[in-house]
Amino acid sequence: QVQVVESGGGLVQAGESLRLSCVASSGSAFSVNAAGWYRQASGKEREMVVRISSGSSTNYADSAKGRFTISRDDAKNTVHLQMNSLKPEDTAVYYCNGWTVSVATGITKAFWGQGTQVTVSS
């Protein structure tokens with residue numbers, strides 16, 4: 001069982017920045033394959049913000065291009081999302097998502113974080 005903890009959300013003003021972190025941990029050895037961030041605003045469907053492959057190729061939603069940057073630290077099984085120039089429309093619950101691969105069995109499993117609230121005031 002992989003545990004996922006997200007952090008870094010909060011209340012900021014428009015134009016400010018936040019850095020979200022997603023840390024995966026387990027009692028058995030594993031690695032994180034592809035990962036990414038999604039968000040869900042109140043009354044709306046969950047949408048992809050950005051994804052990063054195991055080789056660090058990235059795919060950004062148009063709304064995130066030029067403002068958000070995803071990065072990964074495989075040694076710490078951590079994925080970060082640096083969000084700059086935040087806008088009120090970025091307000092949402094942000095979820096970390098990805099796939100883990102067991103070192104022992106090669107079995108892959110999907111994971112979701114618990115979500116972290118980001119609120120941007122105008």
Does any non-hydrogen side-chain atom of [Y] lie less than 4.5 Å from one of [X]?
| X | Y | result |
| --- | --- | --- |
| Asp90 | Leu18 | no |
| Lys109 | Phe30 | no |
| Gln13 | Leu86 | no |
| Met83 | Arg67 | no |
| Phe68 | Ser63 | no |
| Asn97 | Arg51 | yes |
| Arg46 | Trp112 | yes |
| Cys22 | Phe111 | yes |

Evaluate side-chain contact (heavy atoms from CB on, under 4.5 Å) for Val118 paired with Leu20, printing each intermediate quantity in order.
-> CA-CA 9 Å; Val118 171; Leu20 307 184; 4.1 Å; yes
For a quick test of reading the model, state the closest non-hydrogen atom pair linking [X] to [Y] and the distance between them.
| X | Y | answer |
| --- | --- | --- |
| Gly106 | Val101 | O-CG1, 3.9 Å |
| Ala41 | Thr91 | CB-O, 3.7 Å |
| Arg72 | Ser56 | CD-OG, 3.7 Å |
| Asn77 | Ser31 | OD1-CA, 4.0 Å |
| Ser17 | Val12 | O-CG1, 4.1 Å |
| Tyr94 | Glu6 | O-OE1, 2.7 Å |

Can Asn59 and Met48 be said to form a side-chain contact (heavy atoms from CB on, under 4.5 Å), step by step?
-> CA-CA 9 Å; Asn59 178 30; Met48 187 273 287; 3.6 Å; yes
Would Val4 end up clustered with Val93 when hydrophobic side chains under 4.5 Å apart are linked, directly or stepwise?
->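 Val4 and Val93: separate clusters.
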Verify the cluster assignment for Tyr38 and Val50: are they in a single hydrophobic cluster under the rule of side-chain heavy atoms below 4.5 Å apart?
->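 No, because Tyr38 and Val50 fall into different hydrophobic clusters, even though each may have its own neighbours under 4.5 Å.
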State the CD-OG distance between Glu16 and Ser85, to the nearest 0.5 angstrom.
->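 One finds 11.0 Å between CD of Glu16 and OG of Ser85.
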So, Lys65 and Asp62, do they make that salt bridge, N to O below 4.0 Å?
->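 Salt bridge flag = yes for Asp62 with Lys65.
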Knowing that exactly one of Leu81, Thr116, Val49 qualifies, which makes a side-chain contact (heavy atoms from CB on, under 4.5 Å) with Arg39?
->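 Only one option passes, and that is Val49.
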Donor-acceptor check, side chain of [X] to backbone of [Y], threshold 3.5 angstrom: yes or no?
| X | Y | answer |
| --- | --- | --- |
| Ser26 | Gln1 | yes |
| Tyr60 | Ile70 | yes |
| Gln117 | Gly9 | no |

